[in-house]
Amino acid sequence: MSSKTVERVDHVVIRFAGDSGDGMQLTGDRFTAQSAAQGNDLATLPNYPAEIRAPQGTIAGVSSFQVQFADHDVNTPGDAPDVLVAMNPAALAASVSDLPRGAIVIADSDEFTPRNLTKAGYTGDPLDDGSLDSYQVYAFPMTSLTVEALSSFALTKKEAVRAKNMFALGVVSWLYSTPTEPTESFIRTKFGRKPEIMNANLAALEAGWSYGETAEIFAVSYEVAPAATPAGTYRNITGNMATAYGLLAGAHRTGLPLVLGSYPITPASDILHHLSELKRFGVKTLQVEDEIAGITTAIGASYGGAMGVTTTSGPGLALKTEAMGLAVMLELPLVIVNVQRGGPSTGLPTKTEQADLLQALYGRNGEAPIPVLAARSPNDCFDAAVEAIRIATTYRTPVLLLTDGYLANGSEPWRIPDLDSLPDMPVEFASGPNAVDADGKPVFRPYLRDPETLARPWAIPGVPGLAHRIGGLEKADVTGMVSYDPDNHDRMIRLRQAKVERIPVPDLEVDDPTGTAETLVIGWGSTYGPISTGAQEARRDGVEVAHAHLRHLNPLPANAGDVLRRYRRVLVPEMNLGQLTVLLRSRYLVDAVGFNRVRGLPFTSTEIAEAITKFAQEGTL
Amino acid sequence: MSTTNLHLDPTGRRPGLFGVPTLPEGSPKLTKKDFTSTAEVRWCPGCGDYAILAAFQSFLPELGVPRDNIVCVSGIGCSSRLPYYLDTYGMHSIHGRATAIATGLATTRPDLSVWVVTGDGDALSIGGNHLIHAIRRNVNMTILLFNNRIYGLTKGQYSPTSEQGKITKSSPMGTVDLPFNPVSLALGAEATFVARTVDSDRALLTSILRQAAAHRGTALIEIYQNCPIFNNGAYELLKDRDESAARLLRLEHGKPVRSGSRGVVRDGDGGLRIVDLDELGPDAESRLVVHDAHAADPSLAFALSRLESPEMAGVPVGVFRSVSRPAYDDLVRDQIAVAVDAAGGPATRDDLAALLAGNDTWTVG
Ligand code: SF4
């Protein structure tokens, strides 16, 4: 380490931004791994254009990756970057309004050419027209420094230029004293078969580090101490990977093979990718012709005795609607994962939103109750997926798991669970007659329910003597024969409803440090990070506020009504126009007030803190 | 064909019922009655579906597999009620999706003999996408497509196989859309087994069911089915004894394609033409097209499928194409087996723990 001053800070937010082709996602991901390896707590937010090849150098083509790392528990990727790495003018233009005064801007001056400046909408050069005076700007020719550092390698200029992201990573790693070993071993594995490229990337990384250390531009470097996290072995994980692994681990606990029927859709496709890598675990992935086939192949698999799963995002969920109703009628286990994105219609495919809640709860013809749960953070997707499988198999029902684009691509450290700590979820198939007919002869009744769970037997084809027919027409109670009887229909509607309503879910926990708060802020799903952090910020400003967060949206926790009625004021932040608000108001007759933003981006903790403060003090927003 | 042959695998290929258990030696022979459920059959009197159901129930004992290893999946429509009448496992699902449900089932369970019952509206309209993709993948299942060229259950609208100009409740001035030819469609979708038959021809239907059951992969059987209520007589010309002898071109592998006094020859444009044998002169027989159901190239089968016309001057029935290609569900299972082998055996709990951990971990405390 250099002789320069090293300053200790408790948290830092860095945003790496560049053109789609500049490798910013990889750079951010690598920095995350480095900071995780030194024990920081962290949370990340990738943000990339919907177009695979947006025009080069334009604001539309900017891809960025934000990471917050800290010496304490963090639940969000941070509101405003302390550091912006801008690989071109467009990246600067896209981010500059997010920067607080005094933020550090590191820019590749080589890219600030008249042509690129014009593409980014600049009339002058912000690096020397004074417009960035309120920031600490460090502009240096990263591209040419990289090319120079790699001059001894047998590379084309283009290949050498491509390593500039590693140069940038080297500079930032030095600036924040994060060891580069994890990236070095990553490069060795990734480019093992192309030694020239491997060595060039390693050299660029090292050149960046040395540049930070020796060039006289940075007066200080910083250091973020490890966070005090619970003991255990950790890894970094994205929400989509945690979902995939949760599905596998859940299926493993049930002893059932996992079968995924899926159709590629942003931002859910990575779950399909991850699961298709798991053939050695017996996972079958069927990439089928459309969303409807995704769910119906999964239903066919569940009918055959496997754990059928389908994964999708909003528009795909709309297409699966009718088949979800079939699964309700068949009363077979099924998990539907909806990675929510900006809607309606195609909407904002790469952006996040929570506007599918009411679709998940009610978006089917007829009375078609489905348990719905939502993950609150990237690594919570694992536990939520395990829980979805537990409910599906125990209660013989389709289950909807809601995540969203923010959780899907965001990552955070995950304490790797001990498999034995996961719930036991044994599954028993029907193996013989379960009743006697009028003559006392043993018979099989496919809709005879377990008195406790109200689940019907899971009778898979191939079991001798249990041949029976099921389908989408209304079933007669107990026998499962087709029935048009009015009273039977009423009874079956209520039975299916009761089965879901009776699923025991954990009580809603309230975080209310003083125990005297009169304002409750309640959310669901991925807003957990910003809301919990926002509540803490409000408390630091002297505002008393309690926070509760829903994982189970159907059924709702039994104590939810009591909790809500305990507070004078209830605030419900959501990335939609107030869907949970509608639910809570109608269900519990409480005067819940929504705080709603639908910008395709997660809430910032600051805006949550401000909303809480105003609402707690004035009772309105 | 003897029933046990279906289970043998002398060629190293996997025939239709490979993997499905056989009835134990010495167990009583199953009969049609064993496949008849107690549900009351609810089709209209005179419906062609009755004959198909009876032929199907009579044929199933021939498979020599336990009833419980047979699954019949259907969609929505008159024909799709069939699973209720069959005493096997069955699912009466939702409109158009039976082939997709059966794909998930067949891929999950190699020990089941999977049948799909569907109609022209179910399979070719709302379920068209699933049908062509099941066929292209060659999932091991047999699809019975009841083609009555009308929507029966919804009481008489035109279907995707209704002839152009047809007057129905929803087309008072006649339909303007061109119908599908299901055999041509299936061949275009890379079908490995395609056949056509008529509801009333029990012998032909049974023979095709037998060949389809032996086929590994998707077998599509188009069954011309009369709907006496909404489209009566659609196939009348093929049912009258004299007319049918003249009009039905019974396809037999290795035999010239002909019916009565007429036969099929190649025309100059690469297609086929039906001619009077008299026109061909003394060596007429030798100029007829010889059917090759096993040809790798589907062109002949396709050309034969194009002979069908609204006038029904010459309608080929029988097996158009029967070729061998690996089945999707087998390939999916094979990949799993390869992956498991390569890893040195089935995944253990420790393997799962190692997967969750990945290669980039750190330890705290
Ligand atoms: S409407 Fe037609 S196809 Fe349907 S059952 Fe009646 S006769 Fe058969």
Subject >> Trace of the side-chain contact (heavy atoms from CB on, under 4.5 Å) decision for B:N359 with A:T189 >> reply: CA-CA 11 Å; B:N359 342 322; A:T189 316; over 6 Å; no
Original post:
Using the ring of each side chain (for Trp, its six-membered ring), is B:W362 parallel, tilted or perpendicular to A:Y234, with breaks at 30° and 60°?
Top reply: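 Geometry flag for A:Y234 against B:W362: parallel rings.
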Got [X] and [Y] here, is their nearest side-chain heavy-atom distance under 4.5 Å?
| X | Y | value |
| --- | --- | --- |
| A:V288 | B:R137 | yes |
| A:T297 | B:T107 | no |
| A:K284 | B:Q335 | no |
| B:T108 | A:Y303 | no |
| A:I460 | B:R109 | yes |
| A:I470 | B:M91 | yes |

Subject >> Nearest-0.5 Å distance that lies between atom CZ in A:R469 and atom OG in B:S74 >> reply: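 Answer rounded to 0.5 Å: 11.5 Å.
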Subject >> Pick from B:A337, B:G90, B:C72, B:A339 with the largest number of heavy-atom pairs that fall under 4.5 Å of chain A >> reply: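 Counting heavy-atom pairs under 4.5 Å, the top option is B:G90.
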**OP:** Against chain A, work out which of B:L86, B:T99, B:V114, B:D341 has the most heavy-atom pairs shorter than 4.5 Å and name it.
**Re:**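 When all of B:L86, B:T99, B:V114, B:D341 are compared, B:L86 has the most.
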Given that the side chain runs from C-beta out, which part of [X] has a heavy atom under 4.5 Å from chain B: side chain, backbone, both or neither?
| X | result |
| --- | --- |
| A:P226 | neither |
| A:P257 | neither |
| A:L278 | side chain |
| A:V463 | both |
| A:A36 | both |
| A:F186 | neither |
| A:V482 | side chain |
| A:A33 | side chain |
| A:I295 | neither |

**OP:** With chain A as the partner chain, list the residues of residues 345-358 of chain B whose heavy atoms fall under 4.5 Å from it, by residue number, and write 'none' if nothing qualifies.
**Re:**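 So the qualifying residues are B:G345, B:P346, B:A347, B:R349, B:D351, B:L352, B:A353, B:L355, B:L356, B:A357, B:G358.
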Original post:
So which bits of residues 124-134 of chain B come within less than 4.5 Å of chain A, counting non-hydrogen atoms only?
Top reply: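 So far as heavy atoms go, B:N129, B:H130, B:H133 are the residues that approach chain A to under 4.5 Å.
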**OP:** Inspect the surroundings of OH in B:Y84 and state if more than 12 heavy atoms from other residues, nucleotides or ligands are less than 6.0 Å away.
**Re:**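 Yes, OH of B:Y84 has more than 12 neighbouring heavy atoms, counting only those of other groups under 6.0 Å.
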Original post:
Would you find more than 12 non-hydrogen atoms of other residues, nucleotides or ligands less than 6.0 Å from A:Y263 atom OH?
Top reply: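 Atom OH in A:Y263 is not crowded, with 12 or fewer foreign heavy atoms closer than 6.0 Å.
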Original post:
Do you know which of A:K279, A:H468, A:R280 has the most heavy-atom pairs with chain B at a distance under 4.5 angstrom?
Top reply: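 Looking at each of A:K279, A:H468, A:R280 in turn, A:R280 comes out on top.
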Original post:
What residue, out of A:A323, A:P464, A:G261, A:G462, has the most heavy-atom pairs lying under 4.5 Å from chain B?
Top reply: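 Ranked by heavy-atom pairs under 4.5 Å with chain B, first place is A:G462.
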By a 4.5 Å heavy-atom criterion (distance strictly below it), what part of [X] contacts chain A: side chain, backbone, both, or neither?
| X | result |
| --- | --- |
| B:A343 | both |
| B:S93 | both |
| B:D87 | both |

Subject >> Closest contact, heavy atoms only, A:T229 versus B:V364 >> reply: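 Closest pair (atom of A:T229, atom of B:V364, distance): O-CG1, 3.3 Å.
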